[in-house]
Visitor: 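Dumping the structure here so I can ask a few things about it.
Here is the naming used below: chain letters follow the sequence lines, and residue numbers restart at 1 for every chain.
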Amino acid sequence: MPSWPEKHTYIGAHTRRIDGPAKVSGTARYTSDVQPSGWLYGMILRSKWPKATITSINLEKARKLPGIKAAILVRDCPRTVRYYGEELAAVAGTSKQACLDALRSIEVEARPLPFVVHEEDAKDEGSPRVWDKVANLSKPRLDEHGDVDKAFAECAAVVEGFFTTPVQIHNCLETHGNTISWTEEGLTAWSSTQGITSVRDGLAGNLDVPQSQVRVISEYMGGGFGSKFGPGVEGAVAARLSKEAKAPVKLMLPRFDEALAVGNRPSSFQQLKLGATAEGKLHAFQMDNYGTAGIGSGGVTEGGGGGAEIRMPYIYHVPNIRVRQSGVNVDAGSARAFRAPGHPPASFGMESIMDELAVKLNLDPLELRLRNDPSEVRRKEYRLGAERFGWTEKYRKPGSSPGPIKTGVGCAGATWGGGGHGTHAEAQINPDSSIEFRCGTQDLGTGTYTLIAVVAADLLGLKPEQITVRIGDTRYPPSGGSGGSTTAASVSPAIYDVCMNALQQLQERSSITDARGPNWAAACKKLGVEPLIVSGRWQRGLSSSGAGGVQFAEVRVDTETGFVKVKKITCIQDGGMFVNELTAESQVNGGILMGMGYALYEGRVMDRTSGVVLNPNFETYKLTGLADTPEIDVVLLDMPERGVIGIGEPVTIPTAAAIANAVANALGVRVSSLPITPAKVLAALGKVKPVA
Amino acid sequence: MKAFQFVTATSPERARDLLGNNGRFLGGGIDLLGEMKEYIAQPDTLVDVKAVPDLHRIDQTDKSWSIGANVTVAELEDHPDLKSVFPGLQQAAAEVGSRQIRNVATLGGNLAQHSRCWYYRQRDVHCLKKGGDMCYARHGDNRYHSLFTGTTCISPVVSNLAIALAALNAAVVVQRGPNNLARMSIADLYARAWENPISQNSLDPGDLILRVELPVQNRRSAYLQVSDKSAFDWALVSCASAGGIQGGKLHQARVVLGAIANVPYQVQAANQFLEGKTLDEDNANKAADLMLQGAEPLSDNAYKLPIARALIRRTLLQLKA
């Protein structure tokens, strides 16, 4: 079995992104920067109705407008639309304005139908059905072991609570979109995607083109978080527009559209009950949960589904459990995988009820975790983190912080699988000693270019800046999608294999026994005029799966205004062998900021009367901003014996739970619904009179 | 957005002439361009008033300040003297949007900005404010809406500056017709929003805010707001207080609340109550009771009451410092 060398130069160090200068200077090419000759704007007309039968769509006026080169129906009429914003038609034209005018000239005849957009409404039998033949609320799926009722009766302490999490929108800073050129020779798509291969396969299947004639390129992209594996309707539409217009079409979605039809994290409504023995050992657990994934669990997903089920009792082992879960359809866009699908809502519910149990048992919540967390790594992380965070000094009995502005602390843990998968890569070593790696992976924004350069430089005895990295093109040897925290664990072993093969072949051809480092140039020179092309593939033994991680939060809550300020987050995160600690820390920072958004600010708001999304912009869909950013303390727990493990997902999982627990610790009462807004804090404190 | 003509005016009179039947003045454009992109506003002509002389000036005397309508919010925030003379106004300016927005947004535009109601701003919802026949917020999601809801439209005034300026007894000078300058109090400037659901203020088409005049009355002032986020967010509730302090007693106090009514909300009885009172928690709380009397919270916004109460007390107590 192959193994990583014990001594490293760059692996595990802090290496700046090799593409940093390109990104900050604007030369890094994103999908919206691509401007092939003769390109057109593409735009989509969306349904104004949350549910309707579309009887006809007339594109004639649009086609005749100056500058319009193509107009298509997304699907033939009559058809039914099931949510506000579902795609109806699309146009391509020479200017943005021409397209906007064209969209407004399209005549749509529709028969509005009754709709339902709120989960609480949709689960009632009497509500309009999203799908005629299926009840909105699915039959609960039961997961039960042990004698739960008997076990609860045996418990020394039992707590119950109702916990809710909202539908969260991915809102990648770069919106979904593609620039596509479809000619007789085939189809080229510059795509904002985390899976060039899955986009290629999606386009090929959708448009009936051989996969060999579809090329997908993603040099740089601005975030996917699980929502950008497939070409989407917008990708297929861009391709069809390109074919009709006989010109490349750039179709990037406006921010508005991101709230409607390109995925989200399902909501959850968790009725929880947890019991423990007098010794504080978890003994019985029960959950009834429902949530919505929109009109149905949907979209292309990887690294977890887009369904509404959550994994409970999350990281804990409880001998007696009864878990019942349902999905509820509403007339809203489908869910997609979203950074650690199913985990953040599970973490929020479970870690919240754990803290409630700690209160009831009169135990420090950290102690309750140490007694019950089955993971030795996480228990170690809790001890280490508590020390660093100053848990013992900071923890007080809930609500006992003096004065109107109260401080509180909380903690929570995470788990994630990850792991590597089949990846191919190749290198071309030139006689002038330059070397180029090619791999059909993509940089989701996490630093994959740098990761490849670091691994190669380390193994070949070179510097990262000497390595040319080419990724994000389906013409390179295939890798998989960047999802489920798998990229580092997939790509690093393949690069390892290429390097080992390269050294062996280079040494053979040059007769230099060790071609690394100082001998590299001399060895390459001996290649003469023929470059060395070597390939390699993912190997077992260099990566593994299974990361934990714990986070501690300290908050300050103004009990007169309800305002929550996160002061500090401490994160102890195990991986395996960290390839680049700098980009890994960057991942942690991003995960925590996203987790903060889930805790305090985010949530899709649907209007019951009109069926529209009320916050399809960053003005009212609130994201963590610079001024909200707390002190973040990151400790990466290097465990090189495990090989490479991705951490993109676990780092966002426990943040919201830790913050919610800190808020409850500050207040002495719990806000059991995310996001924790001033309104909810004041309500929990009993300062808001119910409105008649 | 709909195609439009773009013209530049060099005087207030010329600006009016260029406006035509369906034109709009363009200052910083922060609010107007957003409305145009959503087809909420569809002017034929945009008259750029950024080049009009004198609208970008701040004139100070011992008795009063005059601040031109084109002065940016960032310039108010950064002004070296304004911070000591009118701290409430400076604090209100510093809370507007983001620094990038403040660099472009103007005093005039901030005062004249339209509703942020998320139904009004939603392109496919035709609400009362857009000439439709129902207010979606009243029985919908009204977490950001008014507490004083006797009006037909319940979208609150969101101009931070208006709240601070009302507390400071500012007057707004408006070009209204040729050779006709109207001088309005902040209350006048918004009075029509109370009566007419379509209006967000009392300006007629063609009215152009020229400047704001602020008396220097040896008064202290303070402004605070609470938002969901730490910065770059609208106020859930905002509050400005101003008054003079002599011998430890408050005189000519004015307390104004924002984001809880469709006008900057002032209550004469509260101001009167504070006259000659010692600035302490008890009196501040009593003023808050008077301010909030008659509030009629909706299904989702009763939380604004405790916030308003806290902000009234805190801004008043800040006057002591």
Visitor: Out of Ala302(B), Ala308(B), Pro306(B), Ala310(B), return the one with the most heavy atom pairs under 4.5 angstrom to chain A.
Guide: Pro306(B)

Visitor: For Phe618(A), is it the side chain, the backbone, both or neither that has a heavy atom under 4.5 Å from a heavy atom of chain B?
Guide: neither

Visitor: Give, as side chain, backbone, both or neither, the part of Leu298(B) having an atom under 4.5 angstrom from any heavy atom of chain A.
Guide: backbone

Visitor: Would you indicate whether the side-chain heavy atoms of Leu682(A) and Ile307(B) approach each other to under 4.5 Å?
Guide: yes

Visitor: Once you leave out hydrogens and angles, what donor-acceptor pairs under 3.5 Å do chain B and chain A share?
Guide:
{"from": "Met1(B)", "atom 1": "O", "to": "Gln97(A)", "atom 2": "NE2", "distance (Å)": "2.4"}
{"from": "Arg116(B)", "atom 1": "NE", "to": "Glu619(A)", "atom 2": "OE2", "distance (Å)": "3.0"}
{"from": "Arg116(B)", "atom 1": "NH2", "to": "Glu619(A)", "atom 2": "OE1", "distance (Å)": "2.5"}
{"from": "Arg116(B)", "atom 1": "NH2", "to": "Glu619(A)", "atom 2": "OE2", "distance (Å)": "3.3"}
{"from": "Tyr119(B)", "atom 1": "OH", "to": "Asp607(A)", "atom 2": "OD1", "distance (Å)": "2.6"}
{"from": "Gln122(B)", "atom 1": "NE2", "to": "Tyr84(A)", "atom 2": "OH", "distance (Å)": "3.0"}
{"from": "Asp124(B)", "atom 1": "OD1", "to": "Lys48(A)", "atom 2": "NZ", "distance (Å)": "3.2"}
{"from": "Asp124(B)", "atom 1": "OD2", "to": "Tyr84(A)", "atom 2": "OH", "distance (Å)": "2.6"}
{"from": "Tyr144(B)", "atom 1": "OH", "to": "Lys622(A)", "atom 2": "NZ", "distance (Å)": "3.3"}
{"from": "Asp228(B)", "atom 1": "OD2", "to": "Lys622(A)", "atom 2": "NZ", "distance (Å)": "2.8"}
{"from": "Lys229(B)", "atom 1": "NZ", "to": "Leu623(A)", "atom 2": "O", "distance (Å)": "2.5"}
{"from": "Ser230(B)", "atom 1": "N", "to": "Asp628(A)", "atom 2": "OD1", "distance (Å)": "2.7"}
{"from": "Ser230(B)", "atom 1": "OG", "to": "Asp628(A)", "atom 2": "OD1", "distance (Å)": "2.9"}
{"from": "Asp233(B)", "atom 1": "OD1", "to": "Lys622(A)", "atom 2": "NZ", "distance (Å)": "3.0"}
{"from": "Asp233(B)", "atom 1": "OD2", "to": "Lys622(A)", "atom 2": "NZ", "distance (Å)": "3.1"}
{"from": "Trp234(B)", "atom 1": "NE1", "to": "Glu619(A)", "atom 2": "OE2", "distance (Å)": "3.0"}
{"from": "Arg313(B)", "atom 1": "NH2", "to": "Glu560(A)", "atom 2": "OE1", "distance (Å)": "2.5"}
{"from": "Arg313(B)", "atom 1": "NH2", "to": "Glu560(A)", "atom 2": "OE2", "distance (Å)": "2.7"}
{"from": "Arg314(B)", "atom 1": "NE", "to": "Glu560(A)", "atom 2": "OE1", "distance (Å)": "3.3"}
{"from": "Arg314(B)", "atom 1": "NH1", "to": "Asp558(A)", "atom 2": "OD2", "distance (Å)": "2.7"}
{"from": "Arg314(B)", "atom 1": "NH2", "to": "Asp558(A)", "atom 2": "OD1", "distance (Å)": "2.9"}
{"from": "Arg314(B)", "atom 1": "NH2", "to": "Asp558(A)", "atom 2": "OD2", "distance (Å)": "3.0"}
{"from": "Arg314(B)", "atom 1": "NH2", "to": "Glu560(A)", "atom 2": "OE1", "distance (Å)": "2.7"}

Visitor: Is chain B contacted by the side chain of Ala683(A), its backbone, both, or neither, given a heavy-atom distance below 4.5 Å?
Guide: neither

Visitor: For Leu128(B), check side chain to side chain contact (heavy atoms under 4.5 Å, CB included) against everything at least two apart and list the hits.
Guide: Cys135(B), Thr152(B), Pro197(B)

Visitor: Pick from Leu100(A), Val605(A), Leu626(A), Val564(A): which one has the most heavy-atom pairs with chain B under 4.5 Å?
Guide: Val605(A)

